[in-house]
J.: 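First the structure, then my questions, so here it is.
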Amino acid sequence: MKADLRSVMQERVLVGDGAMGTFLYQMGFPVGISYEELNLISPEVVADVHRRYRDAGTEIFETNTYSANYDKLSKFGLESKVESVNRAGVRIAKEVAGSKGYVLGAVGSIRGGKRTNVSTSELKRFYEQQIFALLDEGVDGILLETFYDIEEMDIALLQTRKLSDLPVIGQFAVEHVGHTLDGYTMPEAFRIMREQGADVIGFNCRTGPNGIMRAMETVSGRIGIPMSVYPNAGAADYVDGEFRYGATPEYFGQTAVQFADLGARIIGGCCGTTPDHIAAMAGALADYQAAPIVQPDLTDPKPRIVLHENVDERAGRGGQPTIVDLVKQRHTVIVELDPPRDLDIAKFMKGAEVLKAAGADALTLADNSLAVTRMSNMALGHLVQDRTGLRPLVHIACRDRNLIGTQSHMMGFDALGINHVLAVTGDPARFGDLPGSSSVYDLTSFEIIRMIKQLNDGVAFSGKPLKQKAGFVIGAAFNPNVKHLDKAVQRLEKKIASGADYIMTQPIYDPQLIVAMHEATKHLEIPIFVGVMPLASGRNAEYLHNEVPGIQLSDEVRSRMAGLEGEEGRAMGVKIAKELLDVATMYFKGIYLMTPFMFYNMTAELTQYVWEKSEHQCPTCFNPNNQLQ
């Protein structure tokens with residue numbers, strides 16, 4: 001007889017399995033089919049995936065039934081097979097798990113974060129139908145995963161409790177610390193689910209280990225029951241028509257112990273994870289001694305109220321040379337400051353003032369980077385320009401607007417006198433904070449450059465003549481952190497051929513790469529702004545290296561940042577950034593500084609450092625106020 005699952009979780013950490021859907025995708029099964037139907041038509045394939053995870057050390061197996069409900073299956077004409085698909089999924093998993101493994105019936109969110117027309121009564125009916133089949137076929141518990149709001153999780157949990165007293169694991173999909181989509185803090189959400197009868201509460205999907213760890217820290221030690229975590233293998237990157245995940249098995253092995261220290265008693269993997277990731281975690285947890293689960297402290301602190309600061313309004317724009325004009329004559333510094341994710345702009349505007357005083361030539365504002373909703377960079381760009389006189393440089397993502405919206409957006413920028421833009425593809429919406437939203441992608445990054453250039457010729461996207469010409473200065477993005485730099489440069493040449501006026505790179509953490517990039521791009525006729533982002537902590541370094549597409553840190557940099565947090569971490573991050581700037585300013589006049597976590601004093605210090613070095617190299621070229629001599 002297997003030990004009772006609830007008792008086992010009180011004593012030790014159990015290793016879950018990894019992704020089913022993305023692993024089937026890697027095996028060649030295309031996006032757009034029902035992976036759950038494979039339980040019926042290709043059970044040997046599903047069994048093979050389960051076996052690979054079993055051999056890697058999995059103790060808890062999820063059935064291949066995540067979307068096996070009436071609503072999801074009906075999109076494939078399979079609504080009549082809800083029961084057979086779920087029962088087959090349980091049988092396959094139980095056969096592989098054997099007498100020692102635990103099988104959980106996987107039940108996914110139906111609404112998926114969307115405000116769909118699936119009514120509450122329909123949700124109850126759909127969940128009851130699926131969960132009954134899973135329970136009747138003999139699962140060891142139910143896993144409710146990738147839920148975005150309390151309302152839907154509560155419906156699924158109550159339907160389960162109507163049918164069984166088996167263990168129920170409930171997992172939310174949130175971005176970093178965050179809230180549920182219906183506005184609950186994570187401590188509030190965990191408290192409600194515990195009171196409703198969940199045996200284990202945790203997180204899965206939406207983010208990699210770093211983001212889930214941050215979310216865990218807000219509730220760790222406060223819920224009185226075990227936690228579960230199934231992180232993604234970092235953020236997905238779309239390369240050569242395929243989705244790829246960058247977090248390595250070694251990284252998952254390291255973070256598994258940290259998850260256990262925070263109270264996780266079930267640790268597995270979600271999108272992008274493979275048997276190799278699970279094997280690394282199983283190895284790291286082999287001798288782990290779990291601490292007792294403490295009694296809950298469910299008091300949720302009152303929210304801290306942040307008062308808006310007064311911001312002096314300053315006039316002053318117009319008559320400025322473009323950054324392309326400036327960088328031909330002297331070192332030129334662009335600093336990125338992320339628009340806020342809420343309605344309070346006081347800190348952002350204070351940061352803009354500080355960076356203006358430090359001598360930044362332009363303040364660049366991303367367009368909902370990583371598909372996370374932020375305040376409009378058009379509105380903030382106008383405020384920065386109007387109140388500080390600092391030039392705004394705004395990003396334009398292909399993801400969020402169709403052709404109509406993109407031209408309308410650009411016409412608005414022209415009317416506001418904002419003429420410096422950076423054209424980017426944009427991260428897929430499904431990986432952001434509103435996964436139910438759509439990615440548009442009417443245009444590629446090449447096409448959007450050409451279309452904006454067309455506005456400069458006085459021609460609308462439709463080909464209709466305009467009454468006047470725009471004057472946009474258009475930048476393009478470049479990622480040199482690749483295996484084959486020459487191929488990346490060839491892609492960059494196509495962006496230049498499309499009309500790009502300047503280039504801004506992803507952050508670089510290797511001085512030798514800066515030199516190599518100079519050699520590979522010295523034939524190009526437009527300026528390149530070298531990206532440097534100071535690291536804020538050791539954890540930040542590991543997150544960027546393992547989970548963010550397009551960023552690679554050298555072993556030497558990771559070693560220097562390891563274990564450093566707070567002021568100590570930021571100080572080391574600035575020191576490393578200065579060393580990179582020592583090299584970058586020797587080979588490039590354009591510098592692009594990215595502000596981490598709104599620590600604008602870090603990038604202000606680095607901006608001043610560029611001026612100090614430049615004055616030493618050419619004291620008659622410029623002064624800290626950016627006035628040409």
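Treat the numbers as computed from the prediction; the structure is a model and nothing was measured.
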J.: Do Ser34 and Leu73 make a side-chain contact, defined as non-hydrogen atoms from C-beta onward lying under 4.5 Å apart?
T.: yes
J.: Using a strict threshold of under 4.0 Å (side-chain N to carboxylate O), is an ion pair present between Glu151 and Arg111?
T.: yes
J.: List the steps and the verdict of side-chain hydrogen bond (donor to acceptor under 3.5 Å, both in side chains) for Asn69 and Asp71.
T.: CA-CA 6 Å; Asn69 56 71; Asp71 182 72; over 6 Å; no
J.: Give the intermediate values and the outcome of side-chain hydrogen bond (donor to acceptor under 3.5 Å, both in side chains) for residues Glu188 and Thr185.
T.: CA-CA 5 Å; Glu188 289 172 338; Thr185 66; 3.3 Å; yes
J.: Side-chain contact test, heavy atoms from C-beta onward, threshold under 4.5 Å: evaluate it for Ile150 versus Phe172 and give yes or no.
T.: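 The answer is yes; the side chains approach within 4.5 Å.
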J.: Does CZ in Phe461 sit with more than 12 non-hydrogen atoms of other residues, nucleotides or ligands closer than 6.0 Å?
T.: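 Yes - once you tally the heavy atoms of other residues, nucleotides and ligands closer than 6.0 Å, there are more than 12.
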J.: Does any non-hydrogen side-chain atom of Leu5 lie less than 4.5 Å from one of Ile60?
T.: yes
J.: Side chains of residues 397-406: which donor-acceptor pairs under 3.5 Å do they make with residues two or more places apart or in other chains?
T.:
from: Arg399; atom 1: NH1; to: Asp427; atom 2: O; distance (Å): 3.0
from: Arg399; atom 1: NH2; to: Asp367; atom 2: O; distance (Å): 3.0
from: Arg399; atom 1: NH2; to: Asn368; atom 2: O; distance (Å): 3.0
from: Asp400; atom 1: OD2; to: Asn368; atom 2: ND2; distance (Å): 3.4
from: Arg401; atom 1: NH1; to: Asp367; atom 2: OD2; distance (Å): 2.9
from: Arg401; atom 1: NH2; to: Asp367; atom 2: OD1; distance (Å): 3.2
from: Arg401; atom 1: NH2; to: Asp367; atom 2: OD2; distance (Å): 3.3
from: Arg401; atom 1: NH2; to: His409; atom 2: NE2; distance (Å): 3.3
from: Asn402; atom 1: OD1; to: Ile404; atom 2: N; distance (Å): 3.1
from: Asn402; atom 1: OD1; to: Gly405; atom 2: N; distance (Å): 2.8
from: Thr406; atom 1: OG1; to: Arg401; atom 2: O; distance (Å): 3.4
from: Thr406; atom 1: OG1; to: Asn402; atom 2: O; distance (Å): 2.9

J.: Taking the side chain from Ser439 and the backbone from Ala429, do they hold a donor-acceptor pair closer than 3.5 Å?
T.: yes
J.: For residues 541-550, which residue pairs qualify under salt bridge (charged side-chain N to carboxylate O under 4.0 Å, His left out), counting only residues two or more places apart or in two chains?
T.: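 Sorted result for residues 541-550: Glu542-Arg558.
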J.: Please check if the number of heavy atoms outside Glu44 that lie under 6.0 Å from its CD is greater than 12.
T.: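 Atom CD in Glu44 is packed in, count exceeds 12.
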J.: Testing Leu262, Val219, Ile201, Ile169 one by one against Met227 for a side chain to side chain contact (heavy atoms under 4.5 Å, CB included), which residue passes?
T.: Val219
J.: Under a 4.0 Å N-O cut-off, is there an ion pair linking Arg52 with Asp48?
T.: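 Looking at Arg52 and Asp48, the cut-off is met.
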J.: Taking only residues two or more places apart in sequence or in another chain, which ones pass ring pair (Phe, Tyr, Trp, His ring centres under 6.0 Å) with Phe252?
T.: His277
J.: Hey, does the side chain of Asn39 reach the backbone of Ala88 with a donor-acceptor pair shorter than 3.5 angstrom?
T.: no
J.: Is Gln129 reaching over with its side chain to a backbone N or O of Glu83, donor-acceptor style, under 3.5 angstrom?
T.: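 Looks like no, no N/O pair under 3.5 Å.
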J.: For the aromatic rings, using the six-membered ring if either is Trp, is the centroid distance between Phe259 and Tyr288 under 6.0 Å?
T.: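 Distance test on ring centres: not under 6.0 Å, no.
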J.: Under the 3.5 angstrom rule, does the side chain of Tyr184 hit a backbone N or O of Phe190 as a donor-acceptor pair?
T.: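 Pair absent, no side-chain N/O of Tyr184 close to backbone of Phe190.
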J.: List the residues meeting ring pair (Phe, Tyr, Trp, His ring centres under 6.0 Å) with Phe126, not counting sequence neighbours, and say none if there are none.
T.: Tyr70
J.: Using the side chain to side chain donor-acceptor pair (under 3.5 Å) rule, collect all pairs that involve residues 93-108, keeping only residues at least two apart or in two chains.
T.: none
J.: Would the distance check show the side chain of Ser438 and the main-chain N or O of Val440 forming a donor-acceptor pair, the cut-off being under 3.5 Å?
T.: no
J.: Restricting to non-hydrogen atoms, name the atom on Phe203 and the atom on Ala215 that form the minimum distance, rounded to 0.1 Å.
T.: CZ-CB, 3.7 Å
J.: Could you please spell out the steps behind the side-chain contact (heavy atoms from CB on, under 4.5 Å) verdict for Met153 and Gln196?
T.: CA-CA 10 Å; Met153 172 81 84; Gln196 294 289 70; over 6 Å; no
J.: Quick one: side chain to side chain contact (heavy atoms under 4.5 Å, CB included) partners of Ser164, sequence neighbours excluded?
T.: Leu135, Leu166
J.: Backbone N or O of Ile192 within a donor-acceptor pair of the Glu195 side chain at under 3.5 Å?
T.: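 No; zero donor-acceptor contacts below 3.5 Å.
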J.: Under the side-chain hydrogen bond (donor to acceptor under 3.5 Å, both in side chains) criterion, do Thr274 and Gln26 qualify, and how do the steps go?
T.: CA-CA 10 Å; Thr274 68; Gln26 292 175 24; over 6 Å; no
J.: Identify each donor-acceptor pair in which a side-chain atom of residues 137-144 lies under 3.5 Å from a protein atom, sequence neighbours left out, and give them as a table.
T.:
from: Glu137; atom 1: OE1; to: Arg87; atom 2: NH1; distance (Å): 2.8
from: Asp140; atom 1: OD1; to: Lys2; atom 2: NZ; distance (Å): 3.3
from: Asp140; atom 1: OD2; to: Lys2; atom 2: NZ; distance (Å): 2.9
from: Asp140; atom 1: OD2; to: Val103; atom 2: N; distance (Å): 2.7

J.: Using only atom types and a distance under 3.5 Å, with no angle test, would you say the side chain of His50 pairs donor to acceptor with the backbone of Val96?
T.: no
J.: Can you name the residues that form a side chain to side chain contact (heavy atoms under 4.5 Å, CB included) with Ser462, not counting sequence neighbours?
T.: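 Once residues adjacent in sequence are excluded, the partners of Ser462 under the side chain to side chain contact (heavy atoms under 4.5 Å, CB included) criterion are Ala460, Lys464.
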J.: Within the distance-only criterion (no hydrogens, no angle test), does the side chain of Tyr127 pair as donor or acceptor with the backbone N or O of Glu122 below 3.5 angstrom?
T.: no
J.: When you look at NZ of Lys75, are more than 12 heavy atoms from neighbouring residues, nucleotides or ligands closer to it than 6.0 Å?
T.: yes
J.: Is it true that atom NZ of Lys72 has more than 12 heavy atoms of other residues, nucleotides or ligands lying nearer than 6.0 Å?
T.: yes
J.: Working to the nearest 0.5 angstrom, can you tell me the gap between Gln254 CD and Asn546 CG?
T.: 7.0 Å
J.: Looking at Phe147 and Val107, what are the two nearest heavy atoms and their distance?
T.: CE1-O, 3.6 Å
J.: Taking atom CD of Glu145 and atom CG of Leu104, what is their separation to the nearest 0.5 Å?
T.: 9.5 Å
J.: Can any side-chain N or O of Asn204 pair as donor or acceptor with the backbone N or O of Thr146 at less than 3.5 Å?
T.: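 Yes, Asn204 side chain to Thr146 backbone: donor-acceptor pair under 3.5 Å.
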J.: For the backbone of Thr444 and the side chain of Glu447, can you confirm whether one donor and one acceptor N or O come within less than 3.5 Å of each other?
T.: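 Judged by distance alone, yes, a pair lies under 3.5 Å.
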J.: Could you work out, with salt bridge (Lys or Arg N to Asp or Glu O under 4.0 Å) as the rule, every residue matching Asp442, not counting sequence neighbours?
T.: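 So Asp442 forms no salt bridge (Lys or Arg N to Asp or Glu O under 4.0 Å) with any residue.
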J.: Distance-only criterion, 3.5 Å: show the donor-acceptor pairs between side-chain atoms of residues 10-21 and protein atoms not counting sequence neighbours.
T.:
from: Arg12; atom 1: NH1; to: Glu59; atom 2: OE2; distance (Å): 2.8
from: Arg12; atom 1: NH2; to: Glu59; atom 2: OE2; distance (Å): 2.8
from: Asp17; atom 1: OD2; to: Glu62; atom 2: N; distance (Å): 2.9

J.: Checking Asp165 against Arg161 for the salt bridge (Lys or Arg N to Asp or Glu O under 4.0 Å) test, could you report, in this order, the C-alpha distance in whole Å, the side-chain angles of both residues, the deciding distance, and whether it holds?
T.: CA-CA 6 Å; Asp165 63 354; Arg161 280 286 165 254; over 6 Å; no
J.: List the residues meeting salt bridge (Lys or Arg N to Asp or Glu O under 4.0 Å) with Asp237, not counting sequence neighbours, and say none if there are none.
T.: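 Partners of Asp237 under the salt bridge (Lys or Arg N to Asp or Glu O under 4.0 Å) test: none.
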J.: Restricting to non-hydrogen atoms, name the atom on Ala284 and the atom on Val257 that form the minimum distance, rounded to 0.1 Å.
T.: O-CG2, 3.7 Å
J.: Decide side-chain hydrogen bond (donor to acceptor under 3.5 Å, both in side chains) for Asp433 and Thr373; before the verdict, give the C-alpha distance in whole Å, the side-chain angles of both, and the deciding distance to 0.1 Å.
T.: CA-CA 7 Å; Asp433 62 341; Thr373 309; 3.1 Å; yes
J.: Under the rule for salt bridge (Lys or Arg N to Asp or Glu O under 4.0 Å), what residues qualify as partners of Arg6, not counting sequence neighbours?
T.: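 Per chain and number, Arg6 pairs via salt bridge (Lys or Arg N to Asp or Glu O under 4.0 Å) with Asp199.
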